[in-house]
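Position 1 is the first residue of the sequence; numbering continues from there. Keep in mind that what you see is a predicted model, and the values were worked out from it rather than measured.
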Amino acid sequence: VKTDTVAVTRRIRDFDAPTSNIYETVAILSKRANQIAVEMKEELSQKIQEFATTQDNLEEIFENREQIEIAKFYERLPKLIGVTGSIAVYKIPLLVRLLVTQGAEVRILVTSAAKDFVTPLTLSTLSGNPVYSDFFEKEDGTWHSHVELGNWADIYLIAPVSATTMGKMSNGIADNLLTATYLAAKCPVFFAPAMDVDMFHHPSTTANIKKLQTFGNNLIEPEEGELASGLYGAGRMQEPEKIVEVLSAFFKKKRTLTT
């Protein structure tokens with residue numbers, strides 16, 4: 001049977017028109033059926049691929065969303081900041097602002113020396129909470145319980161921490177509200193040293209840092225840079241943004257280990 005090429009590739013709707021040869025009709029149907037089968041197979045393959053890609057994207061979206069929600073949850077946990085006397089105190093208002101912006105409730109303890117570098121009023125305004133320095137208020141005798149503060153916080157960040165305060169922490173000296181709260185704290189403790197390069201590298205400082213780490217405390221390593229003394233070296237407290245990153249990374253890792 002001789003068939004015309006154009007006739008063989010006719011579309012289904014063309015069969016409404018009469019054909020003069022039954023064999024021509026069969027050839028057309030067979031050819032078109034094969035074409036339809038190939039087209040359907042290609043379309044089905046494409047749909048399966050699109051579905052798989054969509055599923056992968058959905059899984060990635062849900063995974064990222066879960067990570068974001070976890071991060072937000074931990075960012076909102078109560079945070080206690082202990083501030084000691086150091087020129088690096090000028091970075092603390094920004095740190096407080098970053099934490100509050102994340103939704104965290106922040107309470108602050110300051111040593112007497114810290115108040116020489118920043119006023120409690122500034123920190124109170126930024127945190128939205130009173131700033132504590134003494135065990136009790138001299139005006140009305142209101143008690144500031146170091147035990148309550150230590151139990152309230154989900155994280156205790158001491159930044160900047162001076163060589164003096166590290167010495168007290170490592171040897172259990174609780175002669176101020178900040179160090180007494182440290183000894184009473186049941187939450188993870190982070191400490192961010194700030195001092196001159198020679199002080200930072202002194203054997204006593206090195207020993208105190210190692211001792212604090214053996215207690216389970218987390219060191220936020222100071223960076224190298226220009227120091228207030230004019231010298232260059234290690235001892236410069238990490239920037240507020242970096243400290244926030246360290247805290248967030250810690251809680252994300254903690255969440256991963258508990259799930």
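Atom CG of residue L95 and atom CG of residue L126 lie 10.5 Å apart, to the nearest 0.5 angstrom. The distance from the CD1 atom of I220 to the CD atom of Q238 is 8.0 Å, given to the nearest 0.5 Å. One distance of note links CG of L123 with CG of L109; it measures 11.0 Å at 0.5 Å rounding. The CD1 atom of I155 sits 4.0 Å away from atom CG of L247, with the distance rounded to the nearest 0.5 Å. The CG atom of L99 sits 11.5 Å away from the CZ atom of R97 when rounded to the nearest 0.5 Å. In this structure, I81 CD1 and I108 CD1 are separated by 5.0 Å, a value rounded to the nearest 0.5 Å.
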For residues 190-204, please give each side-chain donor-acceptor pair under 3.5 Å, one per line with the distance, not counting sequence neighbours.
residue, atom, partner, partner atom, Å
D196, OD1, S229, OG, 2.4
H202, ND1, S204, N, 3.1
H202, ND1, S204, OG, 2.9

Give the table of side-chain donor-acceptor pairs shorter than 3.5 Å for residues 158-166, with sequence neighbours excluded, one pair per line with atom names and distance.
residue, atom, partner, partner atom, Å
S162, OG, T165, N, 3.2
S162, OG, T165, OG1, 3.3

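A distance-only check finds a donor-acceptor pair linking the side chain of N218 to the backbone of V189 [under 3.5 Å]. Using a distance-only test at 3.5 Å, with no hydrogens or angles considered, a donor-acceptor pair links the side chain of N217 to the main chain of L212. In terms of modelled atom types and a separation under 3.5 Å, the side chain of S248 and the main chain of V244 share a donor-acceptor contact. Here the side chain of N171 pairs a donor or acceptor atom with the backbone of G167 at under 3.5 angstrom.
By the ring-ring contact (aromatic ring centres under 6.0 Å, His included) test, Y182 pairs with no residue at all, sequence neighbours left out. Partners of L183 by side-chain contact (heavy atoms from CB on, under 4.5 Å), not counting sequence neighbours, listed by chain and number: A174. With sequence neighbours left out, the side-chain contact (heavy atoms from CB on, under 4.5 Å) criterion links P120 to K115, V131. Every residue two or more places apart in sequence or in another chain that forms a side-chain hydrogen bond (donor to acceptor under 3.5 Å, both in side chains) with T179 is listed here: N176. With sequence neighbours excluded, the residues that form a side-chain contact (heavy atoms from CB on, under 4.5 Å) with L94 are L98, P240, E241. Shown here are the salt bridge (charged side-chain N to carboxylate O under 4.0 Å, His left out) partners of D134, two or more places apart in sequence or in another chain: K138. Residues forming a side-chain contact (heavy atoms from CB on, under 4.5 Å) with T125 (at least two apart in sequence, or on another chain): L121.
The stretch residues 171-194 participates, sequence neighbours left out, in these salt bridge (Lys or Arg N to Asp or Glu O under 4.0 Å) pairs: K168-D175. Pairs passing the salt bridge (Lys or Arg N to Asp or Glu O under 4.0 Å) check and including a residue from residues 221-238, sequence neighbours excluded, read E223-R236, R236-E239. Each ring-ring contact (aromatic ring centres under 6.0 Å, His included) pair with one or both residues in residues 88-110, not counting sequence neighbours, would appear here, but there are none.
Annotation for G82 and Y156: closest pair N-CE1, 3.6 Å, computed over non-hydrogen atoms. Residues G150 and T181 share a closest heavy-atom pair of N-CG2, 3.8 Å. The minimum heavy-atom distance linking V100 with S127 is given by the pair CG2-CA, 4.1 Å. Considering all non-hydrogen atoms of both residues, N208 and S170 come closest at OD1-OG, 2.8 Å. Pairing each heavy atom of P78 with each of W152, the nearest pair is CB-CZ2, 3.3 Å.
No chain of hydrophobic side-chain contacts below 4.5 Å, direct or via other Ile, Leu, Val, Met, Phe, Trp or Tyr residues, connects L227 to I87.
By the 4.5 Å heavy-atom criterion applied to side chains, S86 and F117 are not counted as neighbours.
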Kindly determine whether K79 and D154 satisfy side-chain contact (heavy atoms from CB on, under 4.5 Å), including the steps that lead there. CA-CA 6 Å; K79 295 177 175 65; D154 276 291; over 6 Å; no

